[in-house]
Undergrad: 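Below is a structure I'd like to ask you about.
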Amino acid sequence: MSIKKLRLNPHPVCPSILIHIRRYLLLCFLLCGYAAYAEDRPKIGLVLGGGGAAGVAHVGVLKVLEEHNIPIDVITGTSMGAIIAGLYASGMTVDELEETVYSLDWLSLFNDEPSRKQQSFHQKRQSTGFFNLGSLGIQDGKLLPPSGFVSGQKLLFELRRLFSPVAHIDDFDQLTIPFRAVATDIESGKQVVLGKGNIAQAIRASMSIPGIFSPVQIEDKLLVDGFVANNVPVDVAREMGADILIVVRIPTFLEEQDNLKSAIDISLQAMQLMMLKSSAPQLKTLSANDILIEPGIKDLGSLSFDRVAETIPIGIKAANKHSSALERLSETLNISEQKHRQPLKSKLLEAPIHQIIINNESVLNDNILLQRLAMKTGSPLDTHQLQQGLDAIYGLGYFSLVDYTLAADQKGGAVLTVNAYKRSTGNSHLYFGASLADNLEGDTSYQLGIKHELSGLNDQGAEWNNSLIFGDSFQLESQFYQPVPIYNAFLEATAGYQEQDFFFFEGEERISESRGNEFNLSVDIGKEFGTWGEARLGTYYSHLEPNEKTGSNNIGTTVLKSAGFTAEFNVDTTDNDLLPTSGNRLNTSYTHGSKALGSDQEFDKLEIRFSKAWKKDKHHLILGGELGTIFDDDAISPADQLFLGGLGRMSGLVEGQLRGNHLLLGSAVYLHELSNISTIDGALYAGASIEAGNVWQQKDNVKANNLLTSGSAFVGAETPVGLAILGMAKTEGYNFQPFFYLGQNF
């Protein structure tokens, strides 16, 4: 019996499988080798301290660290250091970081007021003019100041935008570099290390400068800027496992007593002292193996955000001073090239929004917020449109913060949640105002005022406003405003009483003066057109009782009554009430005095005012014009007459010096910005105005050769009360007139 050898024939695919197995084993070997190396080599921690605008120098330090191939295994930061550290940990490259900090409009982040172009027309009317000194909330009979000058609305949105690629990550260890932000519990004064939750909110808390930004509530803690407790969080990096630390600390420079003259100077000095106190214990723990980098930024303050471009080169220079130490560290680590960090991106940014949820803490109907948000489902998130919508909701005036989150749903889409947090000061507020005018020749007038605003009377946003103004004139006014948001319509009812002086002139001579006591009522209905305009129709009644004070005039002492109908069409697209740099204004009003409604006279009056503003570099130009007519030449009550006088309206004359039935005016105002006088906002100006106009009693006299020319030259400055302007004016046929205005609009 013969025995045959058995030959084992492998399956034809076996060689391929064996190749893959060998590759897999080789990969495992390499990974294990890298892991063993990673465990053997020291873990490098980067600590970025707080420092406000000067803290942008951290970006320059990061550039140098990458040039030396220094790997960062963990990273911590406080305040500005938290922003830079968080962005770097999220996967942003140094070049992207540099581009980001250069492109950000840092100063705008300190101003939460929605741009004027985004405000409703009613809000523009309410915010225009007198009551601009400040406000206080009223709750339970107590006056409540704001918790900060800035609520952080714009800052938080900008952080949301910057960190949107990692918004889905709630464990900061899952970032490309494990990260921690440091804040301070304002109740206990202890540091709070933030390593979980929403990264944008954590960084917002870390940089909540006390008294400037409102604090941030996270869980059961009220958090402010981390510099109060730990400005250079060395201990946090060590707790994260760092063996060797690279610490970047913005030096603290204390001013001498002679340089501490303003409230801002003293506040900044106090901040520097707190930074110094919280940094010193941390720096004492550094070992000989650690590297301390201190960018030398002496003349660049914490709030000098207009100079951030200067900081990165300073950071590079400071880091290069430690080149030898960095080279030795790199040689010790034996890393020829840094491992490329892949940026983390959320698929949520590309997913269509399937649902919009409104978490609304105010009394307003949710539909009002949805209308302001103006976003539709079905498309991916448009951050620019979202910012406009959130600003529009915030601009309603009912909220301390309007924030958002984006989450995945079960259908491959996204859910957008808008969180509108009610104002801590409530819906009852006091506003204050003041103005002053002086011709520097003995005639001075002033006004002080207070207004109480009670909003949120119903879920449609009804308001009741009461104001009191006293000084050279006395005014008491009560106004009820009921919007109908679904139709962009409104009802407005006003009752008022005022006492004011009427002056009558012959040329430059004041021949008489009367004190008028006036009671008035009006009811208007109207419609707003987006944010740019409104139309309104109304009826009014006015009861004026004149009291002769000096001289004799044609106003007499007989009670004067005016009543009738009004129609208005108004446009306002300007970016600023006091000093517009762009946009147009148009105010058109038609008044019909009706004897049937109780008017002493039957009359028709048309008034049109318009202006357009431009700005280029430091040059401002505002062109304007006015047209008015009573349509006939009959004598009419001084309260209903047209008049000219005052800065920009025949500048060499006092207000109301020219009165009549027909009016024409053209004006141009030029301003040149001389210098910035405030850390955040404000400027010093030199300017001039030129006008041509007149007022006539008879329409046959309205001719171009009857126009008077007027002009002025002045210097002005923006102040918390408004514009302060000092200058000299001259009107054709009249003497030179010096003037000073505080809180006076053009």
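Throughout, residue positions are numbered sequentially from 1 according to the sequence presented. When reading the values below, keep in mind they use all heavy atoms of this one structure, side chains included, and skip hydrogens, waters and symmetry mates.
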Undergrad: What pairs with Gln153 under side chain to side chain donor-acceptor pair (under 3.5 Å), at least two apart in sequence or on another chain?
TA: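 Gln153 satisfies side chain to side chain donor-acceptor pair (under 3.5 Å) with no residue once adjacent residues are dropped.
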
Undergrad: Tell me, please, which residues at least two apart from Arg609 pass salt bridge (Lys or Arg N to Asp or Glu O under 4.0 Å).
TA: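 Here the qualifying residues are Glu626.
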
Undergrad: Is the closest side-chain heavy-atom distance between Lys616 and Leu621 below 4.5 Å?
TA: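 The answer is no, as the side chains (C-beta and beyond) never meet within the 4.5 Å cut-off.
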
Undergrad: Do Asp604 and Thr629 make a side-chain contact, defined as non-hydrogen atoms from C-beta onward lying under 4.5 Å apart?
TA: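 No, every pair of side-chain atoms sits at 4.5 Å or beyond.
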
Undergrad: Please test Phe474 against Leu468 for side chain to side chain contact (heavy atoms under 4.5 Å, CB included), starting from the C-alpha separation and ending with a verdict.
TA: CA-CA 8 Å; Phe474 176 85; Leu468 170 66; 3.5 Å; yes

Undergrad: Can you spot which of Glu492, Glu463, Lys451 makes a side chain to side chain contact (heavy atoms under 4.5 Å, CB included) with Gln479?
TA: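 That would be Glu492; it is the only one of Glu492, Glu463, Lys451 passing the side chain to side chain contact (heavy atoms under 4.5 Å, CB included) with Gln479.
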
Undergrad: Check whether Glu732 reaches the backbone of Thr709 with its side chain - one donor and one acceptor, N or O, closer than 3.5 Å.
TA: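 Between the backbone of Thr709 and the side chain of Glu732 there is a qualifying donor-acceptor contact (under 3.5 Å).
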
Undergrad: Between Tyr540 and Thr494, do the side chains contain a donor N or O and an acceptor N or O under 3.5 Å apart?
TA: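 No pair is found: no donor N or O on one side chain lies under 3.5 Å from an acceptor on the other.
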
Undergrad: Show your working on side chain to side chain contact (heavy atoms under 4.5 Å, CB included) between His662 and Asp633 and close with a plain yes or no.
TA: CA-CA 9 Å; His662 312 282; Asp633 301 335; 2.9 Å; yes

Undergrad: Taking ring pair (Phe, Tyr, Trp, His ring centres under 6.0 Å) as the test, write out the residues that go with His592, two or more places apart.
TA: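 None.
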
Undergrad: Between Gln697, Arg659, Gln641, which is the residue that forms a side chain to side chain contact (heavy atoms under 4.5 Å, CB included) with Ile636?
TA: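 Exactly one option meets the side chain to side chain contact (heavy atoms under 4.5 Å, CB included) with Ile636, and it is Gln641.
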
Undergrad: Examine distances only and state if a side-chain atom of Asn466 and a backbone atom of Ser478 form a donor-acceptor pair shorter than 3.5 Å.
TA: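 No, Asn466 side chain to Ser478 backbone: no donor-acceptor pair under 3.5 Å.
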
Undergrad: Look at the side chain of Asn735 and the backbone N and O of Gln737, then say whether any donor-acceptor pair between them is shorter than 3.5 Å.
TA: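 Here the side-chain-to-backbone pair does not exist.
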
Undergrad: Which heavy atom in Gln371 sits nearest to a heavy atom in Pro485, and how many Å separate them?
TA: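 Closest heavy-atom pair between Gln371 and Pro485: NE2-O, 3.1 Å.
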
Undergrad: To check you understand the geometry: which heavy-atom pair defines the closest contact between Gly628 and Leu642, and what is its length?
TA: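 Closest approach of Gly628 to Leu642: C-CD1, 3.3 Å.
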
Undergrad: How many angstroms lie between atom CG of Asp382 and atom CG of Leu386, to the nearest 0.5 angstrom?
TA: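 Result: 8.5 Å between the selected atoms.
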
Undergrad: Please enumerate all residues that pass ring pair (Phe, Tyr, Trp, His ring centres under 6.0 Å) together with His122, with sequence neighbours excluded.
TA: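 Only Tyr481 meet the ring pair (Phe, Tyr, Trp, His ring centres under 6.0 Å) criterion with His122.
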
Undergrad: Does Phe631 form a side chain to side chain contact (heavy atoms under 4.5 Å, CB included) with Phe603? I'd like the steps, not just the answer.
TA: CA-CA 8 Å; Phe631 291 103; Phe603 69 92; over 6 Å; no

Undergrad: Just say parallel, tilted or perpendicular for the rings of Tyr541 and His543, cut-offs at 30° and 60°.
TA: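 Tyr541 and His543: tilted rings.
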
Undergrad: Would you check if there is a donor-acceptor pair between the side chains of Gln475 and Ser467 at a distance under 3.5 Å?
TA: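 No, Gln475 and Ser467 have no side-chain donor paired with an acceptor closer than 3.5 Å.
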
Undergrad: Can you list everything that forms a salt bridge (Lys or Arg N to Asp or Glu O under 4.0 Å) with Glu602? Sequence neighbours excluded, please.
TA: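 Checked Glu602 against salt bridge (Lys or Arg N to Asp or Glu O under 4.0 Å); zero matches.
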
Undergrad: Determine the minimum heavy-atom distance between Thr566 and Thr539, stating which atoms define it.
TA: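 The pair with the smallest heavy-atom distance is OG1-N, 4.4 Å.
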
Undergrad: Ignoring hydrogens and geometry, is there a side-chain-to-backbone donor-acceptor pair from Asn517 to Glu499 under 3.5 Å?
TA: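 Absent.
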
Undergrad: Applying ring pair (Phe, Tyr, Trp, His ring centres under 6.0 Å), can you list everything that pairs with Trp106, at least two apart in sequence or on another chain?
TA: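 Trp106 satisfies ring pair (Phe, Tyr, Trp, His ring centres under 6.0 Å) with Phe305 once adjacent residues are dropped.
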
Undergrad: Which side chain to side chain donor-acceptor pair (under 3.5 Å) pairs, counting each pair once, include a residue from residues 519-531, with sequence neighbours left out?
TA: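 Residue pairs passing side chain to side chain donor-acceptor pair (under 3.5 Å), neighbours aside: Asp524-Arg536.
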
Undergrad: Is any side-chain heavy atom of Ile725 closer than 4.5 Å to one of Phe739?
TA: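 Heavy-atom side-chain distance check passes, below 4.5 Å.
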
Undergrad: Could you pull out the closest heavy-atom pair between Ala309 and Tyr102, with the gap in Å?
TA: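 Answer, listing the atom of Ala309 first, then Tyr102: CA-CE2, 3.4 Å.
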
Undergrad: Could you tell me whether a side-chain N or O of Arg649 sits under 3.5 Å from a main-chain N or O of Glu655, the two making a donor and an acceptor?
TA: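 Checking the backbone N and O of Glu655 against the side chain of Arg649, no donor-acceptor pair under 3.5 Å is found.
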
Undergrad: Taking only residues two or more places apart in sequence, or in another chain, which ones meet Asn576 in a side chain to side chain donor-acceptor pair (under 3.5 Å)?
TA: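 In terms of side chain to side chain donor-acceptor pair (under 3.5 Å), with neighbours along the sequence ignored, Asn576 is linked to no residue.
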
Undergrad: Hey, could you give me the OG1/CZ distance between Thr731 and Phe736, rounded to the nearest 0.5 Å?
TA: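 If I round to the nearest 0.5 Å, the distance is 10.5 Å.
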
Undergrad: Not counting sequence neighbours, which residues clear side chain to side chain donor-acceptor pair (under 3.5 Å) with Ser445? List them please.
TA: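 For Ser445 there are no side chain to side chain donor-acceptor pair (under 3.5 Å) partners, ignoring immediate neighbours.
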
Undergrad: For the pair Lys561 and Asp600, find out whether any cationic side-chain nitrogen is under 4.0 Å from an anionic carboxylate oxygen.
TA: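 So Lys561 does not pair with Asp600 through a salt bridge.
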
Undergrad: For residues Pro580 and Thr574, report the shortest heavy-atom separation together with the two atoms involved.
TA: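 That would be CB-CB, 3.8 Å.
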
Undergrad: With the side chain counted from C-beta on, respond yes when Ile608 and Phe569 share a heavy-atom pair under 4.5 Å apart, and no when they do not.
TA: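 Answer no - side chains too far apart.
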
Undergrad: Is there side-chain contact between Glu518 and Gln500, with heavy atoms separated by less than 4.5 Å?
TA: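 Glu518 vs Gln500: side chains touch.
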
Undergrad: Taking atom CD as the centre, does Glu99 end up with more than 12 heavy-atom neighbours from other residues, nucleotides or ligands that are less than 6.0 angstrom away?
TA: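 12 or below, so no.
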
Undergrad: Just wondering, are more than 12 heavy atoms of other shown residues or ligands nearer than 6.0 Å to OH in Tyr446?
TA: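 Atom OH in Tyr446 is not packed in, count stays at 12 or less.
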
Undergrad: Do Thr573 side-chain atoms and Asn584 backbone N/O form a donor-acceptor pair below 3.5 Å?
TA: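 Flag set: sc Thr573 to bb Asn584 pair under 3.5 Å.
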
Undergrad: Within the structure provided, determine whether His429 and Arg423 are in side-chain contact (heavy-atom separation under 4.5 Å).
TA: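 Yes, side chains in contact.
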
Undergrad: Does the side chain of Leu627 reach to within under 4.5 Å of the side chain of Leu664, using non-hydrogen atoms?
TA: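 Yes, close enough: below the 4.5 Å cut-off.
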
Undergrad: Taking C-beta and beyond as the side chain, do Tyr741 and Leu723 meet within less than 4.5 Å on heavy atoms?
TA: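 A side-chain contact under 4.5 Å is absent here.
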
Undergrad: Identify the two heavy atoms, one from Leu684 and one from Ala717, that lie closest to each other, and give their separation to 0.1 Å.
TA: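 Residues Leu684 and Ala717, closest heavy atoms: CD1-CB, 4.1 Å.
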
Undergrad: Can you check whether Gly526's main-chain N or O pairs, donor with acceptor, with Glu534's side chain at less than 3.5 Å?
TA: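 No, because the side chain of Glu534 does not come within donor-acceptor range (under 3.5 Å) of the backbone of Gly526.
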
Undergrad: Centres of the His619 and His672 rings: under 6.0 Å?
TA: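 That pair passes the under 6.0 Å test.
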
Undergrad: Side-chain polar contacts of residues 687-695 - donor-acceptor pairs under 3.5 angstrom, sequence neighbours left out - could you list them?
TA:
unit_1: Ser689; atom_1: OG; unit_2: Ser651; atom_2: OG; d: 3.4
unit_1: Ser689; atom_1: OG; unit_2: Glu691; atom_2: OE2; d: 2.7
unit_1: Ser689; atom_1: OG; unit_2: Ser712; atom_2: OG; d: 2.5
unit_1: Glu691; atom_1: OE1; unit_2: Met650; atom_2: N; d: 3.2
unit_1: Glu691; atom_1: OE1; unit_2: Ser651; atom_2: N; d: 2.8
unit_1: Glu691; atom_1: OE1; unit_2: Ser651; atom_2: OG; d: 3.1
unit_1: Glu691; atom_1: OE1; unit_2: Ser710; atom_2: OG; d: 3.3
unit_1: Glu691; atom_1: OE2; unit_2: Ser651; atom_2: OG; d: 3.0
unit_1: Asn694; atom_1: ND2; unit_2: Asn706; atom_2: O; d: 2.7

Undergrad: Pairs of donor and acceptor atoms involving the side chains of residues 388-399, under 3.5 Å and at least two apart or interchain, shall be tabulated with distances.
TA:
unit_1: Tyr394; atom_1: OH; unit_2: Ser151; atom_2: OG; d: 3.0
unit_1: Tyr398; atom_1: OH; unit_2: Gly456; atom_2: N; d: 2.9

Undergrad: So how far is it from Arg125 CZ to Ser120 OG, rounded to the nearest 0.5 Å?
TA: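 Reported to 0.5 Å precision, the distance equals 11.0 Å.
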
Undergrad: With Phe529, which residues qualify under ring pair (Phe, Tyr, Trp, His ring centres under 6.0 Å), at least two apart?
TA: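 For Phe529 the ring pair (Phe, Tyr, Trp, His ring centres under 6.0 Å) partners, ignoring immediate neighbours, are Trp532.
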
Undergrad: Examine distances only and state if a side-chain atom of Asn661 and a backbone atom of Asp634 form a donor-acceptor pair shorter than 3.5 Å.
TA: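 Answer holds: yes.
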
Undergrad: Side chains of Asn570 and Glu568 only: does a donor on one sit below 3.5 Å from an acceptor on the other?
TA: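 On atom types as modelled, these side chains qualify, holding a pair under 3.5 Å.
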
Undergrad: Is Ile486 atom CD1 crowded by more than 12 heavy atoms from other residues, nucleotides or ligands, each under 6.0 Å away?
TA: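 Counting neighbours around CD1 of Ile486, 12 or fewer heavy atoms of other residues, nucleotides or ligands fall under 6.0 Å, so no.
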
